[in-house]
Chemist: 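Could you have a look at this structure, given as structure tokens, before my questions?
Residue numbers begin at 1 in each chain, while the letters A, B, ... track the order of the sequences. Reckoned from all heavy atoms, side chains included, excluding hydrogens, waters and symmetry mates. Since we're looking at a predicted model, the values are computed, not measured.
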Amino acid sequence: MPLADALSFFPGLATAAAELAEDAAALRRLAEWCGRYSPWTAPDGTDGVRIEITGSAHLWGGEAALAADIMARLDRRHVSGRIAIADTLGAAWAMARFAEMGKDPVILPPGDCRAALAPLPVEALRLDPATAQGLRRVGLKRVGDLSAMPRDALARRFGETVMQRLDQAQGDMPEPLSPLGEVPTRRVRLSFAEPITEPTDLMLATERLTADLVQRLVREGTGARRVDLGFHRVDGLVERIRLGTARPSRDPRHLAALFKERLDTVDPGLGVEDMILAAFAVEPLPAEQIGLLGHPAGSEASGIAPLLDRLGNKLGLAALSRLEPRESHIPERASVSVPAAGPHPGPPPWPRGREEPAQLGGGDKPQRPIRLFEPPEPVEAFWLLPDDPPFRFAWRRRRYRVTRADGPERIADEWWQPAASGAGLREGGDAIRDYYRVEDEEGRRFWLFRAGLHGNDRPPRWFVHGVFS
Amino acid sequence: MVQERALLPELRERVRRIERPAATVHRVLPFGVAAIDRMLPGGGLARGALHEILGAGGDEEDGALAAAFAAGIIGRLTTQPTSASQSQTRLGPSLSPLRGGEGLKISPPLPSRAGGEGRGEGGLVLWCLPRPDLYGPGLAAHGLDPGRLVLVRAPRDDEILWAMEEGLRAPGIAAVIGEIGVLPAVASRRLQLAAERSGITAFLLRRWRDGGQAARERALPNAAVTRWRVAALPSQPPRGEPGVGRPRWRVELLRCRGGEPACWEVEVADATGHVSLAATLADRSTTPVPAERFRRAG
């Protein structure tokens, strides 16, 4: 009925605009909150939440107790709901929406789907309204009526969906539930009789949970690379701390310390009633030799792993890197940064002293800058002869007069490499760089290069690529 | 009278221990240049302390010389065996007979908090910087093995200070270095204390965005044990040779706890990061410049 009609019937009607996005978000939050019952939860359409409770009902003292718990908690939040538990997703969906029930949840005993579904209207099969209406028009009003019909005829007339939905509801066809989030490999939960808010309480609970999780990891000989601590608040919101570690870890103190660092970002609101610690990426971690004083007698890398974790979890693991040498003539490719976290297959050693090209004067001078600008910064340069270094250049609002120069050192493009980096290279056919080491009046030393050759269509451009010590 | 003379240094030492109990166990790192080491208390750069390094002129922005100077020091810190001028017994693994003569007791090296093992030879170097423009081959040329480096990139000064402090608490770290623009005095104090406690040597590389920031920050005092300024000097290649000669620096010790400000001109000699006094100026620089205009910095 259009709103205008409704208002004409009943002028005092209270109306509110539908906020579909808000509703969807609220449903999603509800589904997330249901994560306290099982990791396999997902919002269902626009008005439901699916929970896969296989294997987790016993934690709540059986299915009835679980359903009662959900009901009680929803009640407390002034959310009215209908709960059904059945063998299949389809049956539970149908029962929750169409079964005759009072306040109590409907719980179908295993194997009862067929009988329980039979008296329900065909709409209970999650069909689109047109199909359901079509079925009604030919007299098929109840789910039980469908079972009696020849499958081929039904499928031909109403499409495969009808039979598929029927089979799914009756358990003849599997229907997987795609959970809301990633399903953790290991999960431990702690519920509180009274909601907790104090930071010290939260920390204690965190320590307890990490200890629980670690116990299981130790038994399996694995370590966690990613963990997620969820704080289920009384008001149904879920606060999370997500952590990544540089190496698989199962050191309870280490993990707890990582959480502690971030605990102040958690807003407990009116209180936290559940905490769930989940480990996602789990990798094999063999037993480690512990040093005599309780310190791991591991390698250098394992010694700083806790440090890298702390830094990485605050600044992002991408902020941590190491330098590795590469065989390349292109300066910016000769030294690459690789992530510091993660396994290290022993980086190649750096050459100690660089071998010097003879024409550069040889000797033991450091010929590579200590800082390299990537990308190279363009400068305004003035020079006399085609192969001369500039006698003057301007860079970053400053003018420099060149008093001494070395060069050129010609570095050509590595034509066998894809042009991954090196913005100055190749661009406009400037595949050749002539590098000069120049010194200004004050003694500052720069690494300039000229991109492009004289005689081309466009004049050569100058860049500063680095500064020497 | 003679007895009194002997008493005085001992008393001084005791007072120092009371004032800074942790600092006494750390050794020093000599530069290997007598003229410089002579001016430093203990005959070298204090380990387990915070040192500040400034650039000069346009280099305050790029921090090239400061980075090279620090790389040279850290390179020696991580490769040179501990050459102690302050006596300190090495805390390595040791074997001692158990009472009763039943077998041997193996004492492992003390954990790093005790400030002994793992500082001299090995360990990683944590280098915290706002933008990753360090170039590996350039560092290697100054004697710092880039393979030892762990670069921590953080856009903000407070994050860099935090990362440095974390690094100063961690085992397996040989040195911590941070490129800082704005440095609150409290932060420098925290770093100095953390360095003292762990025995890890820390370096602050001052790198300023612009002249205004430099002018504001340059004069502010902080808790670093030494403050150095490294400025480029025009190179002096051998007569008749064209091109750029060996890099020459003016190294100024602006401030030094327990020491006097001084100034040297040095030439960067070889790929090990060693510096030598500039040949032509050796005479002048062995007698340190009085450096009166830097006294205020102390």
Chemist: Of the listed residues (B/A68, B/G55, B/G57), which shares the most heavy-atom pairs with chain A below a 4.5 Å separation?
Modeler: B/A68

Chemist: If you count heavy-atom pairs under 4.5 Å with chain A, which of B/A56, B/A67, B/A154, B/A231 comes out on top?
Modeler: B/A67

Chemist: What part of A/R371 is in contact with chain B, defined as an atom under 4.5 angstrom from a non-hydrogen atom: side chain, backbone, both or neither?
Modeler: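 Both parts, heavy atoms under 4.5 Å.
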
Chemist: Are B/F69 and B/W228 an aromatic pair, judged by ring center distance below 6.0 Å?
Modeler: yes

Chemist: Indicate yes or no: at least one non-hydrogen side-chain atom of A/H254 is less than 4.5 angstrom from one of A/L258.
Modeler: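 Result yes, sub-4.5 Å side-chain heavy-atom pair found.
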
Chemist: Does the pair A/D434/A/R410 count as a salt bridge with the N-to-O cut at 4.0 Å?
Modeler: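 Looking at A/D434 and A/R410, the cut-off is met.
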
Chemist: Does any backbone or side-chain atom of A/L315 lie under 4.5 Å from a heavy atom of chain B? Answer side chain, backbone, both or neither.
Modeler: side chain

Chemist: For A/R445, is it the side chain, the backbone, both or neither that has a heavy atom under 4.5 Å from a heavy atom of chain B?
Modeler: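 A/R445 touches chain B through side-chain heavy atoms alone.
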
Chemist: Under 4.5 Å, counting heavy-atom pairs only, tell me which of A/A319, A/G312, A/G316, A/A405 racks up the most with chain B.
Modeler: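 Winner by heavy-atom pair count: A/A319.
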
Chemist: Using a cut-off of 6.0 Å, state whether more than 12 heavy atoms not belonging to B/R190 lie near its atom CZ.
Modeler: no

Chemist: If the plane angle is over 60° it's perpendicular, under 30° parallel, otherwise tilted; pick one for A/F468 and A/W447.
Modeler: perpendicular

Chemist: Parallel, tilted or perpendicular for A/F391 and A/F382, by the 30°/60° rule?
Modeler: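 Ring orientation, 0 to 90° scale: tilted.
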
Chemist: Among A/A318, A/P331, A/P389, who wins on heavy-atom pairs under 4.5 Å with chain B?
Modeler: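 Option with the greatest count: A/P331.
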
